[in-house]
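Here's the structure we're looking at; comments come further down.
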Amino acid sequence: MYYGEGGSDIPIRLKSIKTPFRGCLYGVEQHDLRIILGFTVCLPPDDDSSIFFKASRELEDITNNLPAGVEFCGYITAEEEEPDATKLLVCNDIDDSVLVTCSLNEEQKARAGKVANGKFKEIPYEILENAELLEKFYLVRIQYNSRIFLRQTPEPAWASFEEIKENLSLGKLVFLPKDSDLFLHAKIGRSKNKLDGFPSTVADIYAKITKNPEESRGKGKKEVHLEQRVLNLETLINVTEDKNAHSKKSCLKIKFSSEKMLTLPLVLDGVALVPSKSTPSELYDLCVVALERNLALVVAGTQERIDREQDVLPLMPYNVKLNDFGHHFLCVWPVGVESSDSTLKDKRRVFHKTLGLPLTRPYFRRMNATPKADPNVLQNTHIGLKSSLPGGQQYLVHGTYGYYHYMQQKFDDSGWGCAYRSLQTIFSWFRHQGYTEKPIPSHYDIQEALVSVGDKNRAFLGSKQWIGSTEVSLCLEKFLNISSRIMFVQSGGDLAHKGAELAMHFESQGTPIMIGGGVLAHTIIGIDYNRISGEIKFLILDPHYTGAEDLSTIQQKGFCNWKTINFWDKKLKSIKTPFRGCLYGVEQHDLRIILGFTVCLPPDDDSSIFFKASRELEDITNNLPAGVEFCGYITAEEEEPDATKLLVCNDIDDSVLVTCSLNEEQKARAGKVANGKFKEIPYEILENAELLEKFYLVRIQYNSRIFLRQTPEPAWASFEEIKENLSLGKLVFLPKDSDLFLHAKIGRSKNKLDGFPSTVADIYAKITKNPEESRGKGKKEVHLEQRVLNLETLINVTEDKNAHSKKSCLKIKFSSEKMLTLPLVLDGVALVPSKSTPSELYDLCVVALERNLALVVAGTQERIDREQDVLPLMPYNVKLNDFGHHFLCVWPVGVESSDSTLKDKRRVFHKTLGLPLTRPLLSSYECHS
């Protein structure tokens, strides 16, 4: 005996059921071999003598919904602990039957046995892989179209179907595989009717139709089938009457009737699950059974509507693919009656209850019928992939999805459409699972939806702008009325801690998950998770693929494959689109430590190749920590760029240039451009611990007030005093909890340090009382977190003597101008090399406050220009983990993050830094404290 797994995942189904039950096994029986495809679920009765009676009746009720060839195969009983088979033998109706006993606890023990003469004899079984199941069976679909004439009389409905039944029972039908000349009739292969060259098995028939002779030979058996092989048959009716029957008729009687007749179309879509070695005659018989089962459902449905005195409507067949069962399930629903109809809902509930399916997901609606898939889109591209995580358990997407990626439908979205494609993949899942009949939305449909909900303006239509998970969420709600949950993670390391949540998602919801946005969007379709060690792997669909629909290429090149958490951790690796940009970092003598780069799409004009990138870096310079400056240029293309072609650009002379490839090899070269030539220079990549060793993060707090004149003069005029304090060295900085006053003259010219620490490392060591920090041993210590110096700010309010002596008197001026008093809060950040002197530290602190102040002045002026209320502007220092530095944002107090102006500003930052739009990295609540 075999259990089917993968296509019929019985162990997983058992794990999802928590309540003890009895049921019937069903599957395909071949000689002494039973292949179990599924089971029914029935609550156990109080009376042990009828323990399986109700279950047997329930299976009988759905037998016509099952494919031909699928029959009763035995009984199953499941309890919290493994049931005792001997206690079940009091039930006479299971003698000479197979019985499977299962436990519903963590161990999930199962035993199979044969009941004979009141005894239970255990028999061996094994679990089949999905590929083995697909190898053993063909799915045969038989189309039959006709008409029925329904008499409007009290006679039963079945009387109107007599002719159809006769055609089936008397062998008048002939089946013809589409696009072939292989006529399959009732007498083929029986008694004296030899095959005469007709294929001898179903596998041979399929091989001949598909023109693949390997299908039925030895080599074909080794081929791994990832999808069900389908034979589509047309139906013909032999309308030539038998000679003997015709000779007995003396005359032709014509009968006129006054009865009212209702003409209805009859559409049958029979399904059979046929073993690959079945003969043509066995195939014929199964095709007849498939149509008989479908017809029985139509007759019963018609009679039911007559009994209910409802309008008699055509009944259409819908073959639903139950992914967790490994077989189809045939439903027959009346045309024109909505799925929300109470009678249809009650019927579907019965199916759910009988098969132990949750009521939270549609399985038997019209929409669940196998949809006409786009032949140019591959489905379930993960089948056949294996993960090798020790002790891991896989949690995978439930059901069918389509793999959407760059360049499909002859639409060029390379470089910007990955999140659109991820949305299409998710949408296809809802379509395949029957939640919707709507077509897959195009890029324009998606953009139109975002404009209609107010998320984008009309200029967005037809553009090549990126979208992120927020936009994907809005589209799912707009198109499908489905709510989404957004999970915020900053890196693969953060995602590793979400293993339990992701496992729960795939167990309970089963939908694909979109991750990222902008230039970095992927689709997670499963995880392999070790709950004890916390190790995790992700099954990823990568929409950046641009090739043909070739499954082996897609899997082998990693566009659908298992990935580790490091997959998302390299920013450069995440970018698939060619770009130009500026490098920024810290320069020390002849050493440049690169912390990050900006991302700018290359212009058409090579002569201004870096001009736009330079302007974009200038726009965010005040957002960067003091000490972080422009360090050179970067260019990245699919293949490694030729540096010599970039030298036509005059504005990069005497600069560092880095060239990178975005392919799997990810080659990078660094060089110095001088006098129109590119000279390669060596570089190395620093580990995070080395970076933390080299720098201190210094934060400078400054609190004051500004008096804003309500006049047409520019806003900066109201900040003059603050600027003067900064430029004239009137500020003194004091590390918290210390007496080390850092002033403008310290360590300069004749002002000796006189015992003041000589470097930033020494200052930090003195404050933290850790003398090893600045000595040799301290250098060997591995720093896992950024070392931070928090400084308070003091203002020297004593006026210079020389300036004071020139004043003859003190002038007091009264003004009638309206003044607005606002708090001024600055939170300057500097990235300071550990060996910097006190004077260098002082200068960087001043620059940090100047940068923050410049953002406040610009923000205030912007609100004045927009004629908005002038509000205090608060600094928010955001830690960008993948960049190694902070990013300073200044947002108005009391204005929500959803404000359109703030959203537009954040989008500019995301675009400049090449960040996904799926994570609000630069909102006020992301500030670093």
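We count residues from 1, following the sequence as given. Quick caveat: nothing in here was measured; it's all calculated off a predicted structure.
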Any idea which heavy atoms bring [X] and [Y] closest together, and the distance?
X	Y	answer
Arg906	Ser897	NH2-O, 2.7 Å
Ile536	Gly499	CD1-CA, 3.7 Å
His885	Leu624	CE1-CD2, 3.8 Å
Gly399	Asn380	O-ND2, 3.4 Å
Ile426	Met514	CD1-CB, 3.6 Å
Trp429	Pro512	CG-CD, 3.5 Å

Does the [X] side chain pair with the main chain of [Y], one donor and one acceptor, at a distance under 3.5 Å?
X	Y	result
Asn530	Ser533	yes
His352	Thr360	no
His522	Ile515	no
Glu477	Ser484	no
Ser469	Val472	no
Arg365	Tyr435	no
Gln509	Phe506	no
Gln379	Tyr403	no
Arg431	Lys438	yes
Asn65	Phe329	no

Side-chain heavy-atom pair [X], [Y] within 4.5 angstrom cut-off:
X	Y	result
Ser452	Glu448	no
Ile525	Leu396	no
Phe460	Gln465	yes
Thr354	Val41	no
Gln409	Val377	yes
Phe364	Leu344	no
Asp542	Asn561	no
Leu359	Arg349	yes

Can you tell me how far the [atom1] atom of [X] sits from the [atom2] atom of [Y], to the nearest 0.5 Å?
X	Y	atom1	atom2	value
Phe21	Leu104	CZ	CG	6.5 Å
Leu502	Ile513	CG	CD1	5.0 Å
Ile620	Leu913	CD1	CG	4.5 Å
Thr523	Ile540	OG1	CD1	8.0 Å
Lys911	Trp466	NZ	CH2	6.5 Å
Ser463	Tyr444	OG	OH	10.0 Å

Walk me through it: do Glu637 and Arg580 pass the test side-chain contact (heavy atoms from CB on, under 4.5 Å)? CA-CA 9 Å; Glu637 296 178 8; Arg580 308 291 181 262; 3.1 Å; yes
Please report the C-alpha distance between Trp416 and His443 in whole Å, then the side-chain angles of each, then the deciding distance to 0.1 Å, and finally whether the ring pair (Phe, Tyr, Trp, His ring centres under 6.0 Å) criterion is met. CA-CA 11 Å; Trp416 61 274; His443 292 60; 5.5 Å; yes
Would you say [Y] and [X] are linked by a side-chain donor-acceptor pair, where the criterion is simply a distance under 3.5 Å?
X	Y	value
Ser552	Asp550	yes
His405	Thr425	no
Gln408	Gln424	no
Thr901	Asp904	no

Quick check on Ile532: does its CD1 atom have over 12 non-hydrogen neighbours (other residues, nucleotides or ligands) under 6.0 Å away?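 For Ile532, atom CD1 is not crowded (no more than 12 foreign heavy atoms under 6.0 Å).
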Starting from the C-alpha separation in whole Å, work towards a yes-or-no answer on side chain to side chain donor-acceptor pair (under 3.5 Å) for Tyr420 and Gln447. CA-CA 9 Å; Tyr420 293 80; Gln447 291 176 342; 3.2 Å; yes
With the threshold set at 4.0 Å, does a side-chain nitrogen-carboxylate oxygen contact exist between [X] and [Y]?
X	Y	value
Arg485	Glu501	yes
Glu471	Lys456	yes
Glu338	Lys345	no

Checking ring pair (Phe, Tyr, Trp, His ring centres under 6.0 Å) against His382, which of Phe538, Phe559, Tyr401 comes through?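 In the set Phe538, Phe559, Tyr401, the residue that makes a ring pair (Phe, Tyr, Trp, His ring centres under 6.0 Å) with His382 is Tyr401.
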Can you say whether the rings of Trp891 and Phe909 are parallel (under 30°), tilted (30 to 60°) or perpendicular (over 60°)?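 Trp891 vs Phe909 ring planes: tilted.
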In terms of the angle between their ring planes, are Phe479 and Phe427 parallel, tilted or perpendicular, with boundaries placed at 30° and 60°?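 Phe479 and Phe427: perpendicular rings.
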Show the numbers, then the answer: is there a side-chain contact (heavy atoms from CB on, under 4.5 Å) between Ile446 and Ile467? CA-CA 10 Å; Ile446 293 166; Ile467 62 172; 4.1 Å; yes
The test is side-chain contact (heavy atoms from CB on, under 4.5 Å); show your working for Leu539 and Ile527 and say whether it passes. CA-CA 6 Å; Leu539 186 53; Ile527 63 169; over 6 Å; no
Can you check side chain to side chain donor-acceptor pair (under 3.5 Å) on Thr511 and His505, steps first, answer last? CA-CA 8 Å; Thr511 67; His505 167 83; 3.0 Å; yes
Tell me whether the centres of the aromatic rings in Phe411 and Tyr406 are closer together than 6.0 Å.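 Ring centroids of Phe411 and Tyr406 are no less than 6.0 Å from each other.
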Show your working on side-chain contact (heavy atoms from CB on, under 4.5 Å) between Arg229 and Leu139 and close with a plain yes or no. CA-CA 6 Å; Arg229 294 164 296 176; Leu139 181 73; over 6 Å; no
